[in-house]
Amino acid sequence: MIRITTHLSPTLNPPPPLSLHPHLPLLRRHRHPSSRPISVSAAAPSDLLASVESVASAASVLAAIVLVHESGHFLAATSRGIHVSQFSVGFGPALARFRLGPVEYALRAIPLGGYVGFPDDDPDSGFPPDDPDLLRNRPVPDRLLVVSAGVAANLLFAFLIVYAQALTVGVPVQAQLPGVLVPEVIPGSAAARAGLLPGDVILSVPGLAPDPSVPVLVDLIKASPNKDVSVTVSRTGPGPGDRRSIDLTVVPDTSVDGTGRIGVQLSPYFRVTRVHPNNLAEATVLALREFTALSATVLDGLRQTFLNFSQTAEKVSGPVAIIAVGAEVARSSAEGLFQFAAVINLNLAAINLLPLPALDGGTLALILLEAARGGQKIPREIEQRIMSSGILVVLMVGMFLIVRDTLNLDFIKDIL
């Protein structure tokens, strides 16, 4: 049997402050400074109920994204009259299943994605090997359509989500403000010793431009181990909206590689406002603009991950961490679920296009290779060996990430 699989996969920076693939969700983790660990033992019943509801919301979003991806494959195949035998969300043992016509639908135990099964190599299917409606016997354009339809469905779903966001809660727009934000300060670090606090905004540094950027500050800190670095910061005052300027001196510690470090997270300082369209035309323009911006963020996140994998590998997360991030988004603001869902769709689409075994891109690469060979098919044994090894690797990586991310959850750490 031929399967077009979906594994939930890597990677991404969240839509501020947050940011996956139906073959294996991986995500780059960013802890928001306002996030709080959840302790089950200390939670009041109402807090626990809210946590359960937010986790359920995030898991539902993830399941819907997988369902959309697989539906793309399924609808493309059935619309072309191609035989389909299975439609599954999840892998492993079936939790629930039913048959409707020739197709078996199933919900399975391992939440790493899903697959659409084709009876091409099933001797019990009742179809002769030369049946023209088997996927493998279809011309190249039909197979390209079926394999790429999952990605197309995710892209369309992502745009519809952003469009719905524009029509309901509005599209977030970032307005750049002067300075560099310090979202997080590591306790005991050089920055903490100097008096920097989370939420401070670095306004100026002597010798630099009046409005320093994150890269400029990072370069200065790295070049100044054990040297005084004077900074002027803006800090929230006692009254609402009050801020006061403070001069501090930071002495960067020396890293193993000899560069300076102060133990903070730095990010651009901006204000987010929501723009509400006055009509459908404005909503379309806003949605297209936001869709383009989110797509660029996803692609840049993937590029950074692959170019700097040794530094970003620890930040790649699986389905458990994705649901945890989604739950945090749902707790802080239901509006954030729009961008969470859109980003996951886009990330999943981008990952699936990579020309790797077990991903849609790997299958597309084999079909294009066949077309380049003048229609001469790749031997079935070789093709199945490539795909089977890829699926095995994806499942192993997925299970590793599930176990690791589960052990990293705050309430699991409390128990252990």
Side-chain angles (χ1 to χ4, degrees), residues 1-7 21-23 66-94 97-108 112-154 156 349 352-395:
M1 179 187 300
I2 292 178
R3 292 179 178 178
I4 297 182
T5 57
T6 293
H7 311 92
H21 129 155
H23 286 58
V66 173
L67 183 63
V68 165
H69 183 97
E70 296 308 329
S71 296
H73 294 309
F74 180 81
L75 293 175
T78 54
S79 68
R80 302 298 297 171
I82 297 171
H83 297 308
V84 178
S85 58
Q86 290 186 340
F87 184 100
S88 177
V89 175
F91 298 109
R97 69 172 78 193
F98 66 92
R99 181 171 291 276
L100 190 61
V103 182
E104 179 189 77
Y105 300 85
L107 176 65
R108 300 183 180 274
L112 290 182
Y115 62 85
V116 173
F118 299 85
D120 293 38
D121 298 314
D122 184 0
D124 300 324
S125 66
F127 300 113
D130 59 350
D131 189 319
D133 291 330
L134 291 176
L135 180 62
R136 70 182 180 192
N137 295 332
R138 282 304 183 99
V140 167
D142 282 355
R143 283 181 284 151
L144 287 175
L145 173 66
V146 172
V147 175
S148 61
V151 169
N154 282 125
L156 177 60
N352 265 294
L353 282 178
L354 294 176
L356 301 175
L359 304 184
D360 292 346
T363 305
L364 288 172
L366 291 177
I367 296 174
L368 292 174
L369 178 60
E370 175 188 323
R373 287 157 47 99
Q376 182 180 354
K377 292 184 177 293
I378 299 171
R380 296 291 302 165
E381 298 77 14
I382 296 177
E383 184 177 338
Q384 289 178 344
R385 210 171 294 147
I386 292 173
M387 290 301 174
S388 298
S389 62
I391 290 175
L392 179 62
V393 170
V394 165
L395 289 176

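Keep in mind that this is a model prediction, so the values were computed, not measured.
Pairs passing the ring-ring contact (aromatic ring centres under 6.0 Å, His included) check and including a residue from residues 352-374, sequence neighbours excluded, do not occur.
The nearest pair of heavy atoms linking Ala349 to Asn154 is CB-CB, 4.1 Å. What you find for Gly72 and Ala149 is that their closest heavy atoms are O-CB, 3.1 Å. In plain terms, the two heavy atoms of Val66 and Gly114 that are nearest each other are CG1-N, 4.0 Å. Nearest heavy-atom pair, Leu134 versus Pro128, reported as atom, atom and distance to 0.1 Å: CD1-O, 3.5 Å.
Expressed to the nearest 0.5 Å, how far NZ of Lys377 lies from CZ of Arg136 amounts to 8.5 Å. Rounding to the nearest 0.5 Å places CG of Asp131 at 8.5 Å from OG of Ser125. Rounding to the nearest 0.5 Å gives a distance of 9.0 Å between CZ of Phe118 and CZ of Phe74. Thr78 OG1 to His83 NE2: the interatomic distance, rounded to the nearest 0.5 Å, is 12.5 Å. In this structure, CG in Leu145 is found 7.5 Å from CD1 in Ile82, a value given to the nearest 0.5 Å.
Side chain of Ser85 to backbone of Gly117: a donor-acceptor contact under 3.5 angstrom is found.
Residues Leu144 and Leu368 form a side-chain contact, since some pair of their non-hydrogen atoms from C-beta on lies under 4.5 Å apart. Side-chain contact between Leu67 and Phe87 is present, with heavy atoms from C-beta onward closer than 4.5 Å. Proximity of Val151 to Ser148: side-chain heavy atoms (C-beta onward) are nowhere separated by under 4.5 Å. Residues Asn137 and Asp120 fail the side-chain proximity criterion, which asks for heavy atoms closer than 4.5 Å.
Listed by chain and number, the residues in a side-chain hydrogen bond (donor to acceptor under 3.5 Å, both in side chains) with Asp142 are Arg80, Arg138 (sequence neighbours excluded).
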What pairs of donor and acceptor atoms, side-chain ones from residues 97-107 against any protein atom, are under 3.5 angstrom apart with sequence neighbours left out?
| residue | atom | partner | partner atom | Å |
| --- | --- | --- | --- | --- |
| Arg97 | NH1 | Glu104 | OE2 | 3.1 |
| Arg99 | NH1 | Pro102 | O | 3.1 |

